[in-house]
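Scroll down for the structure; my scribbles are underneath it.
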Amino acid sequence: ASLDGYPETIEGRRRIHAGMVSELDRAVGRILKALSQEGIRDNTLIWFFSDNGGLNASAYPEGLVTLMETLVNWFGEPLPIAFLEFVRGNVQEGASDNGPLRGGKGDVYEGGIRVPSLLAWPGEISSGQSNAFVTAEDVLPTLLQAVGLSGRIPADLNGRSRWRAIVNDEQAAP
């Protein structure tokens, strides 16, 4: 990960996380550039989203957070067992901030399940904002409707198309 531009005063893994996000941003930029060079950017729907909220201490049970603090007090960092050190790092230095939402990765509070999403499709959708609720199960039927293939959405899917809810910022039936 490129840490250029991120001061060493940023705590723990937060700086590494920031560098990783910068690398991801550069990679997406390369993909967009390649699509433009191939002349297909305007015919490509890009949908970028996360599967869950980020890691942070609020995403874990209070007892686990207390246990990790106790182990660090006894043994220091890093913890002597690799698995415990892995857990400690995620619990204490998850590097994410899901605020103002409660929780994070691994739980069902909004901080764990409500994540931003970005859609881009020049000439087909307008810029704007939507608060439509979409799950991973909704992605395939939503994409099929977006490209005019609603009739090809399998009837036995758990997900539903949320395309109209997204582009019109409407609340769809659960």
Subject >> side-chain contact (heavy atoms from CB on, under 4.5 Å) involving Phe86 - partner list, sequence neighbours excluded >> reply: Asn90
Subject >> Path from Val65 to Phe83 over hydrophobic side-chain contacts below 4.5 Å >> reply: yes
Subject >> Where at least one partner belongs to residues 111-135, residue pairs that pass salt bridge (charged side-chain N to carboxylate O under 4.0 Å, His left out), sequence neighbours excluded >> reply: Glu110-Arg114
Original post:
What pairs meet the salt bridge (charged side-chain N to carboxylate O under 4.0 Å, His left out) rule with one or both residues in residues 77-91, with sequence neighbours excluded?
Top reply: Glu77-Arg88, Glu85-Arg88, Arg88-Glu93
Subject >> Summary of salt bridge (charged side-chain N to carboxylate O under 4.0 Å, His left out) pairs that have at least one residue in residues 24-49, sequence neighbours excluded >> reply: Glu23-Arg26
Original post:
What residues form a side-chain hydrogen bond (donor to acceptor under 3.5 Å, both in side chains) with Ser130, not counting sequence neighbours?
Top reply: Asp169
Original post:
Is there side-chain contact between Leu32 and Ile46, with heavy atoms separated by less than 4.5 Å?
Top reply: yes
Subject >> Closest heavy-atom pair and its distance - Leu79, Val72 >> reply: CD2-N, 4.0 Å
**OP:** Only counting residues at least two apart or in another chain, list the ones meeting side-chain contact (heavy atoms from CB on, under 4.5 Å) with Leu64.
**Re:** Tyr60, Pro61, Leu67, Met68, Val87, Val91
Original post:
According to the side chain to side chain donor-acceptor pair (under 3.5 Å) rule, which pairs have a member within residues 144-154, sequence neighbours left out?
Top reply: Gln145-Ser161
Subject >> Separation between OG of Ser127 and CG of Leu118, rounded to the nearest 0.5 Å >> reply: 11.0 Å
Subject >> Results of side-chain contact (heavy atoms from CB on, under 4.5 Å) for Arg102 - residues two or more places apart only >> reply: Tyr109
**OP:** Treat each ILVMFWY residue as a node, draw an edge where side-chain heavy atoms are under 4.5 Å apart, and state whether Leu35 and Leu24 are in one component.
**Re:** yes
Subject >> By side-chain hydrogen bond (donor to acceptor under 3.5 Å, both in side chains) - contacts of Asp138 (at least two apart) >> reply: Thr135, Arg162
Original post:
When Ile, Leu, Val, Met, Phe, Trp and Tyr are grouped by side-chain heavy atoms lying under 4.5 Å apart, directly or through other members, which residues fall in the same group as Leu157?
Top reply: Leu45, Trp47, Phe49, Leu119, Trp121, Ile125, Val134, Val139, Leu140, Leu143, Leu144, Val147, Leu149, Ile153, Trp163, Ile166, Val167
Original post:
Are Val28 and Val21 co-members of a hydrophobic cluster defined by side-chain heavy atoms under 4.5 Å apart?
Top reply: no
Original post:
Which salt bridge (charged side-chain N to carboxylate O under 4.0 Å, His left out) pairs, counting each pair once, include a residue from residues 47-73, with sequence neighbours left out?
Top reply: none
Original post:
Looking at residues at least two apart in the chain, or sitting in another chain, which of them share a side-chain contact (heavy atoms from CB on, under 4.5 Å) with Pro7?
Top reply: Thr9, Ile10
